[in-house]
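These notes concern the structure reproduced below.
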Amino acid sequence: MEDAKKHLAHVTLVVKDYDEAILFYTQKLGFLLIDDIDLGNGKRWVLVAPKNSQASILLGKADGEKQKAAIGNQTGGRVFLFLHTNDFWKDYQSMKEKDIVFKETPREEDYGTVVVFEDLYGNLWDLLQLK
């Protein structure tokens with residue numbers, strides 16, 4: 001019997017505001033807005049993703065104090081998401097021009113070229129081009 005094909009579809013990112021998060025991901029990172037569906041009662045189904053990505057980010061507006069406290073620190077200060085690229089320096093320069101906050105200078109590692117940046121709420125990401 002063959003194993004079923006599986007893949008990661010979405011990762012939820014807790015945000016303060018849907019519209020400001022959509023603007024950041026689409027205008028600053030160049031992601032596509034996949035879905036923005038009104039679910040009623042102030043909730044929306046909002047998906048963003050890099051072009052040609054199989055996985056996407058579900059932007060979930062914080063509901064309650066516990067979720068609000070997690071905004072910008074969903075992983076306790078560790079890098080949360082990894083944005084792979086096939087043209088590191090082009091993407092890095094474009095992101096700098098769009099005022100993305102970088103936490104370090106780019107560095108070469110055994111596995112590739114990498115730099116840590118933060119999103120609009122302070123979540124840490126790696127921009128990474130694998131060797």
Side-chain angles (χ1 to χ4, degrees):
M1 177 190 280
E2 190 174 314
D3 287 336
K5 181 178 177 183
K6 299 175 186 150
H7 70 274
L8 185 62
H10 316 297
V11 174
T12 298
L13 181 65
V14 181
V15 301
K16 183 172 67 173
D17 179 83
Y18 290 116
D19 294 323
E20 73 180 4
I22 290 169
L23 280 174
F24 176 83
Y25 285 101
T26 60
Q27 301 301 310
K28 298 232 178 196
L29 293 187
F31 286 17
L32 301 174
L33 178 61
I34 307 300
D35 279 323
D36 186 356
I37 302 168
D38 186 343
L39 300 175
N41 297 324
K43 292 188 182 256
R44 289 158 60 182
W45 176 264
V46 179
L47 291 175
V48 295
K51 185 177 181 182
N52 298 321
S53 179
Q54 191 172 26
S56 59
I57 296 173
L58 174 65
L59 302 176
K61 185 175 177 183
D63 183 13
E65 292 308 311
K66 188 174 181 180
Q67 290 181 18
K68 287 178 183 175
I71 295 172
N73 192 25
Q74 292 194 190
T75 58
R78 292 188 58 108
V79 169
F80 178 42
L81 297 165
F82 299 80
L83 182 59
H84 284 212
T85 179
N86 63 357
D87 194 339
F88 179 90
W89 294 107
K90 177 183 174 193
D91 288 338
Y92 173 72
Q93 191 59 43
S94 174
M95 291 166 72
K96 278 181 65 172
E97 290 169 4
K98 293 176 181 171
D99 298 320
I100 298 296
V101 174
F102 290 94
K103 305 303 284 183
E104 62 184 3
T105 56
R107 63 188 194 282
E108 295 294 328
E109 298 289 349
D110 291 340
Y111 54 84
T113 306
V114 63
V115 67
V116 176
F117 70 95
E118 63 182 28
D119 68 15
L120 73 165
Y121 299 118
N123 292 299
L124 299 179
W125 289 64
D126 271 359
L127 175 64
L128 174 62
Q129 182 172 0
L130 296 173
K131 287 186 178 176

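Excluded from the calculations below are hydrogen atoms, water molecules and symmetry mates; all remaining heavy atoms, backbone and side chain alike, are included.
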What distance separates [X] [atom1] from [Y] [atom2], expressed to the nearest 0.5 Å?
X    : Y    : atom1 : atom2 : answer
E97  : I100 : CD    : CD1   : 11.5 Å
H7   : K5   : NE2   : NZ    : 7.5 Å
S53  : F31  : OG    : CZ    : 7.5 Å
F117 : L127 : CZ    : CG    : 6.0 Å

Fill in: Test ring pair (Phe, Tyr, Trp, His ring centres under 6.0 Å) applied to F24 - qualifying residues, sequence neighbours left out
none
Discussion item. Between T26 and I22 (side chain of the first, backbone of the second, donor and acceptor by atom type, cut-off under 3.5 Å), is there such a pair?
Written reply: yes
Discussion item. So does N86 get a backbone contact from the side chain of Q129, meaning a donor-acceptor N/O pair under 3.5 Å?
Written reply: yes
Item to complete: Determine which pairs satisfy salt bridge (Lys or Arg N to Asp or Glu O under 4.0 Å) with at least one residue from residues 22-37, sequence neighbours left out, and list them in order.
Response: D36-R44
Worksheet entry | Residue pairs fulfilling salt bridge (Lys or Arg N to Asp or Glu O under 4.0 Å) with at least one residue in residues 101-123, sequence neighbours excluded | K103-E118, E104-R107, R107-E109
Single-linkage hydrophobic cluster [X]~[Y], side-chain heavy atoms < 4.5 angstrom:
X   : Y    : value
Y25 : V101 : no
V15 : L33  : yes
V48 : L23  : no

Return the set of residues passing side chain to side chain donor-acceptor pair (under 3.5 Å) with [X] (not counting sequence neighbours), or none when no residue passes.
X   : value
T85 : D91
Y92 : none
Q67 : none

Practice prompt. For A49 and A55, work out which heavy atoms get closest and say how close.
Written response: CB-O, 3.6 Å
Item to complete: Count the heavy atoms of every other residue, nucleotide or ligand shown that sit under 6.0 Å from NZ of K131, and state whether that count exceeds 12.
Response: yes
Worksheet item: Apart from I37 itself, what residues make up its hydrophobic cluster, given side-chain heavy atom links below 4.5 Å?
Response: L32, I34, L39, W45, L47, L58
Response to the item:
Using a 4.5 Å side-chain heavy-atom cut-off and chaining through intermediate ILVMFWY residues, the residues clustered with L128 come out as Y111, V114, L130
Side-chain donor/acceptor pairs under 3.5 Å, residues 74-84, sequence neighbours excluded:
from: Q74; atom 1: OE1; to: V14; atom 2: N; distance (Å): 2.4
from: Q74; atom 1: NE2; to: T12; atom 2: O; distance (Å): 3.4
from: T75; atom 1: OG1; to: R78; atom 2: O; distance (Å): 2.7

Worksheet item: Which is it for V115 and F88 under the side-chain contact (heavy atoms from CB on, under 4.5 Å) test, yes or no, and what are the steps along the way?
Response: CA-CA 9 Å; V115 67; F88 179 90; 3.7 Å; yes
Worksheet, complete the sentence: By salt bridge (Lys or Arg N to Asp or Glu O under 4.0 Å), K43 pairs with (sequence neighbours left out) D63
Worksheet item: So, E20 and Y121: side-chain donor and acceptor under 3.5 Å apart, yes or no?
Response: yes
Worksheet item: Within a strict 4.5 Å, meaning less than it, do heavy atoms of the W89 and T113 side chains meet?
Response: yes
Worksheet item: Hey, mind stepping through V46 and I57 against side-chain contact (heavy atoms from CB on, under 4.5 Å) and telling me if it holds?
Response: CA-CA 8 Å; V46 179; I57 296 173; over 6 Å; no
